[in-house]
Amino acid sequence: MKRNIIVANWKSNKTESEAKIWLDGFNIGGQEFAGKEVIICPSFTLLPMVSSEVKSQKLGIKVGAQNISRFGGGAYTGEVSAKQVREFADFVIIGHSERRKNFAENEEIINEKIAQAIENKLTPIICVSSLEQAKAIKEVVENNFPFIVAYEPLFAIGTGVADTPENADKMATNIKNVLGRTPVLYGGSVISGNVNSFTSMSGIDGVLVGKASLDPLEFAEIIKNA
Ligand code: PGA
């Protein structure tokens, strides 16, 4: 069955007090999601506070991290392991193009991170910008449901120029042909004004939202229109 999953990727934004303001702002309308699954992914520093506020304010949304260590726990200074993240989150974004580009994350590292997530029962949201990148994760995800894939073309991330819904739908279908019947999201310059053109496509199971998720009212509008 087609899903409608809306993921907020806050990237390296928001202090604790700014995140509290976001949560209060988001809660104002007493959001009704009706079958939509909402996941917010803040920085590591915010995970404990956000996960506890989401529960106490009964926001009805899930929490994800933006990254995990490729290693298990132990002598890896500065890293945060999947097991540590699992205390506060149900999901983790892996393989975002910003990590592939700025932190030299290659297919080997990405596959190690996916394996860590699966082992620790974190559902990975794996970002790919091409069919080749989808093929490169096939072995590690095979028969390891649940996992989510986000198709994010490089030209559309943070540019204000989204892909066409038709092309995103075609890519989502191609990705499912490679990886099996798993949810595939579209990401790249999604806003409240274009979200429905993507979520109404038969092959697309939701969206991953960067910049437009930083404003709680715009994000609420995206959920409403999705
Ligand atoms: P954007 O980012 O919505 O700001 O384009 C999407 C992403 O990087 O996941």
Side-chain angles (χ1 to χ4, degrees), residues 3-14 18-19 22 26 36-44 46-47 50 61-68 85 89-105 109-110 113-114 117 122-131 133-134 137 147-165 167-169 171-172 175 182-201 204-226:
R3 309 252 300 262
N4 202 348
I5 304 166
I6 299 113
V7 182
N9 175 12
W10 285 358
K11 308 190 180 185
S12 291
N13 290 295
K14 299 199 186 294
E18 288 166 349
W22 189 99
F26 184 75
K36 294 165 190 173
E37 301 164 71
V38 181
I39 303 164
I40 53 171
C41 302
S43 303
F44 288 136
L46 303 172
L47 285 176
V50 170
I61 59 186
K62 294 268 165 60
V63 177
Q66 297 170 18
N67 185 27
I68 46 169
V85 165
D90 295 314
F91 298 84
V92 59
I93 296 172
I94 294 178
H96 192 281
S97 62
E98 286 154 14
R99 297 211 57 87
R100 293 179 193 254
K101 178 166 157 254
N102 300 320
F103 303 95
E105 287 196 6
I109 294 171
I110 288 162
K113 291 186 175 193
I114 296 170
L122 276 169
T123 301
I125 302 168
I126 307 155
C127 300
V128 300
S129 51
S130 66
L131 205 55
Q133 290 183 353
I137 60 167
F147 66 95
I148 298 169
V149 177
Y151 163 60
E152 300 209 303
L154 296 180
F155 68 81
I157 297 176
T159 59
V161 183
D163 201 347
T164 63
N167 191 53
D169 187 54
M171 279 299 297
I175 289 169
T182 198
V184 178
L185 318 181
Y186 166 74
S189 299
V190 172
I191 54 172
S192 58
N194 66 14
V195 63
N196 192 260
S197 67
F198 294 102
T199 53
S200 60
M201 300 307 270
I204 298 178
D205 300 276
V207 287
L208 199 162
V209 188
K211 192 158 180 281
S213 74
L214 295 174
D215 175 348
L217 298 180
E218 167 67 358
F219 189 60
E221 195 67 14
I222 288 173
I223 296 167
K224 197 174 104 199
N225 295 349

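The figures that follow rest on heavy atoms only: side chains count, while hydrogens, waters and symmetry mates do not. All ligand and atom numbering here is 1-based and tracks the order in the structure.
Polar contact check, Thr159 against ligand 1: no nitrogen or oxygen pair lies under 3.5 Å apart. Not a single N or O atom of Ile157, backbone or side chain, sits closer than 3.5 Å to an N or O atom of ligand 1.
A pairwise comparison of heavy atoms in Leu46 and Asn13 identifies CD1-O, 4.2 Å as the closest pair. Shortest non-hydrogen contact noted between Leu47 and Gly64 is CD2-O, 3.6 Å.
At the top of the distance list for atom 9 (O) of ligand 1, counting protein heavy atoms only, stands Glu152 OE2, 2.8 Å.
Looking only at side-chain heavy atoms (C-beta outward), Val38 and Lys62 stay at 4.5 Å or farther from each other.
Heavy-atom proximity to Asn9, at under 4.0 Å, picks out these atoms of ligand 1: 9 (O). Remark: ligand 1 atoms within the under-4.0 Å shell around heavy atoms of Lys211 are 1 (P), 3 (O), 4 (O). Numbered from 1 in the order shown, with element, the atoms of ligand 1 that lie under 4.0 Å from a heavy atom of Gly188 read 5 (O). Counting atoms of ligand 1 from 1 in the listed order, those under 4.0 Å from a heavy atom of Leu208 are 9 (O). Near Ser189, meaning under 4.0 Å from one of its heavy atoms, ligand 1 places the atoms 1 (P), 3 (O), 5 (O). Within ligand 1, the atoms closer than 4.0 Å to a non-hydrogen atom of Gly158 are 1 (P), 4 (O), 5 (O), numbered from 1 in the order shown.
Note on ligand 1: Ala212 sits outside its first shell, no heavy atom being nearer than 4.0 Å. Residue Gly187 places every heavy atom at 4.0 Å or more from ligand 1.
Using modelled atom types, one finds no donor on one side chain facing an acceptor on the other under 3.5 Å when comparing Glu152 with Ser129. Using modelled atom types, one finds no donor on one side chain facing an acceptor on the other under 3.5 Å when comparing Tyr186 with Asp169.
With distances taken over non-hydrogen atoms, the option nearest atom 6 (C) of ligand 1 out of Gly210, Ser213, Cys41 is Gly210.
Between the Asp205 side chain and the Arg3 main chain, a donor and an acceptor come within less than 3.5 Å of each other.
Only the backbone of Ala156 comes within 4.0 Å of ligand 1, judged by heavy-atom distances.
Between Glu105 and Arg100 no salt bridge is recorded (no basic side-chain N to carboxylate O distance below 4.0 Å). Ion pairing of Glu221 with Lys224 is present here, as a side-chain N (NZ or NE/NH1/NH2) and a carboxylate O approach within less than 4.0 Å. With salt bridges taken as basic N to acidic carboxylate O contacts below 4.0 Å, one links Glu98 and Lys11.
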